[in-house]
Each structure stands twice: as structure tokens, then as C-alpha cells.
2 protein chains.
Amino acid sequence: MSVPASTEARGGQAARREHILDAAEACFVRNGFHRATMQDLAREAAMSPGNFYRYFESKEALVVGLVERERERGAQLVEEMERSGDRRGALLDIIARYFVSITREAAVLRLEIWSEATRNPAIAALTARTEAETRDWFVATFSALAISPDCDPDRLYALVAPLMKGIVVGRAILPDYDPGPAVTQLHALLETGLDGLLPRAARAGPRITTLA
Amino acid sequence: MSVPASTEARGGQAARREHILDAAEACFVRNGFHRATMQDLAREAAMSPGNFYRYFESKEALVVGLVERERERGAQLVEEMERSGDRRGALLDIIARYFVSITREAAVLRLEIWSEATRNPAIAALTARTEAETRDWFVATFSALAISPDCDPDRLYALVAPLMKGIVVGRAILPDYDPGPAVTQLHALLETGLDGLLPRAARAGPRITTLA
DNA sequence: CACGTGTCAATGAACGTTCGTTCTCGTGGA
DNA sequence: TCCACGAGAACGAACGTTCATTGACACGTG
């Protein structure tokens, strides 16, 4: 509930914003963007409602700020792993940290963002950017890690992406969801795909010759 | 915007409720549960706001009614296909109709329901029921269709479910999402699983011997 | 037919509440 | 003194909901 106050030397503004976003995150996870009131946020942030407006133009700006922060966190996470050198390790770590050991709270927030993206243009734009960046990173990583020239990075991502999203949804809405099997599946899919062993797209219908 | 009025011979109450739910569905898809106002619904349904309360106790009861109807539609769809005799065909049809050729509007509504389920107990209960019913049906169908005794229906569903959910999310948030590749993947997964050719769960880590 | 009566879907203005936002004032350090 | 920061009362708007009233229709009676 309380925050050390100074994250930077002259860190008034930025640290305050972070503090507010933390409080907002907790409230939004609990009640959603539209049912959480400014008074709720005020209580959670231990500050008066009027004071928010020194740091954010409006409630919506606050929501946008939160979504923007989530996007930055994702990009940041990727960057860290890039620096670790081992790209294959980075790939597996990303999957483990971002889509498997994800907390229920984070999953709920992500679900709320997706939902809001379907009707709020500002959120839609940010979400589209996140999706594009994620996609680009995965495709680039697939290309770099591909063992066989038969590997089709675009196609592989088209298979992997919905699986990851589905894991997030499951975590958010099912009390004791176990992502284990889906993750195993995810890894199998990645290795199969990187080895260029994925079946070709079917011609007429969805029926295909299948694996093995 | 207008409705033929008489769906049943003496179909006052039920038909009226359906009419209201139709209007509510349109508004909720457009603005979400909490931003859509009763006046919006009134405009869409071409009736006065006060009149809603003859058919639903409150706005929340209206939301619950809508979610309940969605659940019934799912169960109904399954029932129809069961009657068609061909269980394998039913399985593929379910997938095609419910998770692939799903309209953007339906996907958005589903996303909204999932999101609401994370904080509204009534919706959470309905959603849990839907999830359980869906799961039971798939597991039963897998058991009936399994070619090899090595097929593990529970495990297979754990792989298939997040993929389907992810397709819905993609449809809802990505303007021109193509579910094709994911569906192909889904079918491959089903056939592999039914043939009992899925890799066993990994022991120590997520790294597995993979398919083929 | 004409008329009084009851029923019921439907209205839409009005209500109390609650929301996001603004305003005024106080305080503490430079 | 000045200014950045903050508290919290107050504001107008908009919300979900209520309620007195309306209009259309069906009947039973003269």
C-alpha cells in the first residue's frame, strides 16, 4: 500500500505516476476499467481523487497509461533476454515467464485489455502495436533458430500465437487451471516447426496428412 | 431494428425477452456491459427504458440472461450435431462453426463474457458451467472416436481447449485475422491425439521428444 | 350497438445516487 | 514570499431505476 517514494534522484513525477499506475492496476484487475471508480483508486493509492489530475489528464488517460506500461514491460522483457545471448534459451524463457507462470492477476488484466481493445480506439492502437511487435520478434527469432530451411516462421507463429493467448484466457477464468499440458504442446510445436517438420497447409479442406 | 413481433402464436413474454436480448447483444458488443446504458438499449430495442423492467429485474439480470442464452445456444448446437449421427463429422463441424467461422461480433461478446466472469460471481458460475459442459462433451467425444487405446482424452482436451480460446481472442482483437493455420493445427492435433500418437508428458522439463 | 370497466403493455419524465472532474484552500520546503 | 504538492468538499452530468399515466383492446351489460 505504501511506496518508497523516490525511485529516481529527482524522481517526483515519474515515481508518482508509477505509484498511481500500481494502484490503478490493482483496482482494474479487481473491478475492470469501467466499474472501478476514481474513489476506489484514491483509496488504493492512499491519495485524494483530485490529486490524480496532476499526473493524468483523465481516467481514460490513466487506462491508456497502464496499457502502455504493460506494452513497455513486454518489450523490456524481450530486450533483457536478447542480451542474455542464448536465443533459444530466450525463446523458451519468454514462453515460460510470459505465458505459463503468469499470475492470475496479470492474466485478468490482459483479458481486460483485449476486451477494451475491441471498442476503445486508443487501446486498440496500442494493442495492435503490441501484437505487431510480438509477432515480429517471434518471427525473427524463429528465422534465427530454424534448423531446417523448410521452416516457415510466419506459419509457425500463426500456430503458436493463439495457443499462447488461450493459455492466458484459461489462467484468467479457470480457478485452478494447469497450463502444463498446453506448454508441452507449445514446445513440441516450436521444435517441430523449427525443424521444418510441420505439415503443409491443406489444399481443399482442413483435413491434412497429419504428423508422423 | 424491427422485429416481426410474433415468433410464437401466444408468444408475448418469451418473444419479448428475446427481442430485448437481441438489442442488448448489439449494444454490449458495441460498448461492453458497463458502458452500454439502458437508454442505448432502449433506442436499439425501440422501446422505453422503463419497459425493460417488466421482463428483467435489473441491468445485471439482463446481462446474466444474455450469457445464459449464449450457453444454451452452445448446448443446443452440440445437441443438433449429436443427432446428425456422424460423431466425427459432428466434432469437426463444432470446431468449424463455433471457433473458426465465428463472427467478430460473437467473438467480442465471448471475450466480454470471459472478462466479466473474472469479477461477477453470477457470470463466473455460468461460465464455469459452460466450460465444464464443453469439456465433458469433448472428452466423451474423444473417448468415442479414439482409434488407439493410447489416446488420453483428458490430456487431448487440455491441448485443444486453449487453442480454441486463442482463436476466439484473435478473431475479436485482430481486424483481419485468418484462423486457417490454427484450424489446420487443431485438426492435426485432434487426429494425432485420437490415434494415440501424442508425446507423453515430459518428466523433468518441458523439453520433449516431439512428434514424428 | 353504445358504454362503463378492467387489463396490461408501454411510456417518458423524474428521482436519488454515483460518477468523473474541478475548485478552493492548506501546508511545507526553498 | 513563492511554488509545488496535496486534501477534500463541491459540481454538473449521467447513470439505473421508479412511477404516475396513457392508449389499445376485450369483454359483459343495457
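Chain letters run A, B, ... following the sequence lines, proteins first and then strands; every chain starts at 1. Side chains are part of it too, since the values below use all heavy atoms of this structure and drop only hydrogens, waters and symmetry mates.
Using a cutoff of 4.0 Å between basic side-chain nitrogens and carboxylate oxygens, B:Asp40 and B:Arg30 are not scored as salt-bridged. No salt bridge links B:Arg104 with B:Asp176; every basic N to acidic carboxylate O contact stays at or beyond 4.0 Å.
Residues B:Val160 and B:Met164 meet the side-chain proximity criterion, which asks for heavy atoms closer than 4.5 Å. Residues B:Leu163 and B:Leu159 form no side-chain contact, since every pair of their non-hydrogen atoms from C-beta on lies 4.5 Å or further apart.
Atom CZ in B:Phe33 sits about 18 Å away from atom P in D:dC15, given to the nearest Å. Atom CE in A:Met47 sits roughly 17 Å away from atom P in D:dA9 (whole-Å rounding). Rounded to whole Å, atom P of D:dG8 lies 16 Å from atom CE of A:Met38. Following rounding to the nearest Å, A:Arg17 (CZ) and D:dA4 (P) show an atom-to-atom distance of 18 Å. Taking atom CG of residue A:Leu41 and atom C1' of nucleotide D:dG6, one finds them 17 Å apart after rounding to whole Å. When the C1' atom of D:dG16 is taken as reference, atom NE2 of A:His34 falls 17 Å away, rounded to whole Å. In this structure, CD1 of B:Ile20 is placed 15 Å from P of D:dG16, rounded to the nearest angstrom. With rounding to whole Å, A:Leu62 atom CG is found 12 Å from C:dG20 atom C1'.
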Below 3.5 Å between N/O atoms, which protein atoms pair up with nucleotides 28-30 of chain C? Just atom names and distances, please.
none

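A sub-4.0 Å separation between OP1 or OP2 of C:dT11 and a side-chain N or O of B:Ser48 is present. B:Arg35 has no side-chain polar atom (N or O) that falls below the 4.0 Å cut-off from OP1 or OP2 of D:dC15.
When heavy atoms are screened at a 4.0 angstrom cut-off, B:Ala36 is found touching the sugar-phosphate backbone but no base atom. Nucleic acid contact class of A:Ala42 (heavy atoms, under 4.0 Å, all strands): none.
No donor-acceptor distance shorter than 3.5 angstrom exists from the side chain of A:Lys165 to the backbone of B:Pro162, with no hydrogens or angles considered. Checked by atom type and distance alone, the side chain of A:Arg155 never pairs as donor or acceptor with a backbone atom of B:Pro181 at under 3.5 Å. Judged by distance alone, the side chain of A:Arg17 and the main-chain N or O of A:Tyr55 form a donor-acceptor pair under 3.5 Å. Judged by distance alone, the side chain of A:Thr141 and the main-chain N or O of A:Trp137 form a donor-acceptor pair under 3.5 Å.
Contacts between residues 49-58 of chain A and DNA chain C, counted as heavy-atom distances below 4.0 Å, involve A:Gly50, A:Tyr53, A:Ser58.
With sequence neighbours excluded, the residues satisfying ring-ring contact (aromatic ring centres under 6.0 Å, His included) with B:Phe138 are B:Phe142, B:Tyr157.
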